[in-house]
Q: 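Quick one: the structure is below, and I'll ask about it shortly.
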Amino acid sequence: MYTLTRNCSLGDFDNCGCDDTRNGQRGGQGWLWGGCSDNVGFGEAISKQFVDALETGQDARAAMNLHNNEAGRKAVKGTMQRTCKCHGVSGSCTTQTCWLQLPEFREVGNYLKEKYHRAIKVDLLRGAGNSAASRGAVAETFSSISRKELVHLEDSPDYCVENRTLGLPGTEGRECLKKGKNLSKWEKRSCKRLCSDCGLAVEERKAETVSSCNCKFHWCCAVKCEQCRKTVTKYYCVRAKQVKNDSASRRKSLRLRKKH
């Protein structure tokens, strides 16, 4: 929906353009609708046709997916931002022309993440059949929940812990990011999310990497490189006891070296 809306406003589709249906209407005190609003209605309609068509069942899981699809579409619409341009003598801004724009995609993700943490669990009778009465009960249950809220039928598993039955590897032994150039805000919290939040400690390890360097082009036609070695620092999620044992071993090794 987000991509379709953005591409529509950029003129990538012959049958779609700006949403100017409200242009000229008064939106509030001192401002009017105008400009080129992102055509979120187009993105909503087309994405709904494709995504909702995947749900062919009439059971609770299909109803849940359709409900969450709609919540996702409302998330895109609900996070759109009003942008305005001033008009008036010498920039006095006596009136403004405003239009709606999509936010950064990360903002939609953050909005949905908050909804995810507050998702509503729907309790339905186990083993309910596919009878008309059962379908009616499912429909009635979901219709009573706001379409802006996410819903779920079962609690999520603990992704921190390995569960081979569900195919979850857990986070023990995972490498995380702690330092480095150009890390995003999300990446900087990598070790906290993967290790600390899962009750694991962060262990620092030194590793030697080998990579091609000082490459030169030789006529004709080959590229020859040297092999450069570099020591890098990596971080891993480990059990806290393991970190203590490793630290104690390193201290003991250092004491032995000093004695010798």
Side-chain angles (χ1 to χ4, degrees), residues 1-6 38 40 43-44 47-48 50-52 54-55 57 59-82 100-126 128 137-180 183-202 235-240:
M1 176 179 172
Y2 185 95
T3 303
L4 286 166
T5 301
R6 175 61 53 82
D38 285 331
V40 71
E44 180 180 30
S47 63
K48 183 175 182 177
F50 279 92
V51 179
D52 286 8
L54 299 174
E55 300 302 331
D59 57 357
R61 186 164 295 279
M64 175 193 71
N65 289 339
L66 289 171
H67 182 100
N68 287 338
N69 289 350
E70 179 66 16
R73 291 189 287 266
K74 288 193 173 297
V76 177
K77 293 179 73 173
T79 53
M80 291 188 74
Q81 300 168 346
R82 195 177 81 207
L100 287 176
Q101 285 186 320
L102 289 169
E104 291 296 321
F105 191 65
R106 168 58 65 188
E107 293 188 36
V108 182
N110 290 339
Y111 177 91
L112 283 171
K113 187 179 179 183
E114 291 300 319
K115 292 290 184 182
Y116 168 83
H117 286 306
R118 299 198 303 269
I120 299 168
K121 185 175 182 179
V122 178
D123 288 317
L124 296 167
L125 291 175
R126 289 186 176 275
V138 169
E140 184 179 354
T141 299
F142 280 96
S143 65
S144 64
I145 302 170
S146 169
R147 290 187 295 173
K148 292 183 179 180
E149 303 302 324
L150 292 175
V151 297
H152 63 104
L153 301 177
E154 302 168 0
D155 292 328
S156 293
D158 187 346
Y159 295 104
C160 295
V161 181
E162 181 184 17
N163 187 322
R164 295 183 181 180
T165 303
L166 296 176
L168 303 178
T171 60
E172 185 177 353
R174 283 280 300 273
E175 182 181 355
C176 61
L177 300 174
K178 194 172 184 181
K179 298 177 182 177
L183 289 182
S184 68
K185 183 179 179 182
W186 183 260
E187 289 171 325
K188 288 177 181 177
R189 296 201 302 265
S190 169
C191 287
K192 180 181 183 302
R193 290 185 294 107
L194 290 174
C195 308
S196 305
D197 289 354
C198 288
L200 298 172
V202 180
Y235 302 91
Y236 296 88
C237 299
V238 297
R239 295 184 185 277

Q: Write down the atom of P103, the atom of T79, and the distance for their closest heavy-atom approach.
A: CG-O, 3.3 Å
Q: Would you say R61 and E154 make side-chain contact, with heavy atoms under 4.5 Å?
A: yes
Q: How far apart are the closest heavy atoms of A240 and A201, and which atoms are they?
A: CA-CB, 3.9 Å
Q: How long is the straight-line distance from CG of L66 back to CD of E55, given to the nearest 0.5 Å?
A: 5.5 Å
Q: Got more than 12 heavy atoms from elsewhere within 6.0 Å of CZ, R193?
A: yes
Q: Applying side-chain contact (heavy atoms from CB on, under 4.5 Å) to L100 and V40, what does each step give before you reach the verdict?
A: CA-CA 9 Å; L100 287 176; V40 71; over 6 Å; no
Q: Which heavy-atom pair separates Y116 from S156 by the least distance, and what is that distance?
A: OH-OG, 3.5 Å
Q: Between C195 and C237, is the SG-SG gap under 2.5 Å?
A: yes
Q: Can you list the residues that meet the side-chain hydrogen bond (donor to acceptor under 3.5 Å, both in side chains) rule with Q101, with sequence neighbours excluded?
A: T83
Q: From the options K48, E44, R6, select the one residue that forms a side chain to side chain contact (heavy atoms under 4.5 Å, CB included) with M1.
A: E44
Q: With side chain to side chain contact (heavy atoms under 4.5 Å, CB included) as the test, pick out the partner of Y235 among L194, V202, L177.
A: V202
Q: May I ask you to check whether over 12 heavy atoms, not counting those of K121, lie within 6.0 Å of atom NZ?
A: yes
Q: For Y2 and F105, which heavy atoms make the closest approach, and how far apart are they?
A: OH-N, 3.4 Å
Q: Can you find a pair of side-chain heavy atoms, one from N163 and one from P157, that are under 4.5 Å apart?
A: no
Q: Which heavy-atom pair separates L112 from A71 by the least distance, and what is that distance?
A: CD2-O, 4.4 Å
Q: Considering only heavy atoms from C-beta outward, does the side chain of I120 approach that of H67 to under 4.5 Å?
A: no
Q: Working to the nearest 0.5 angstrom, can you tell me the gap between K77 NZ and T5 OG1?
A: 10.0 Å
Q: Just by distance, do the side chain of Y111 and the backbone of V76 share a donor-acceptor pair under 3.5 Å?
A: no
Q: Is the backbone N or O of E187 less than 3.5 Å from a side-chain atom of S184, with the two atoms forming a donor-acceptor pair by type?
A: yes
Q: In Å, rounded to the nearest 0.5 Å, how long is the span from CG of L168 to CD of E162?
A: 9.0 Å
Q: Nearest 0.5 Å, what's the CG-CD distance between D52 and E70?
A: 7.5 Å
Q: Rounded to the nearest 0.5 Å, what separation is found between the CD1 atom of I145 and the CG atom of L150?
A: 11.0 Å
Q: Looking only at heavy atoms, which two atoms of D197 and C160 are closest? And how far apart?
A: O-SG, 4.4 Å
Q: Does the distance from a Lys or Arg side-chain N to an Asp or Glu carboxylate O, for K74 and E149, drop under 4.0 Å?
A: no
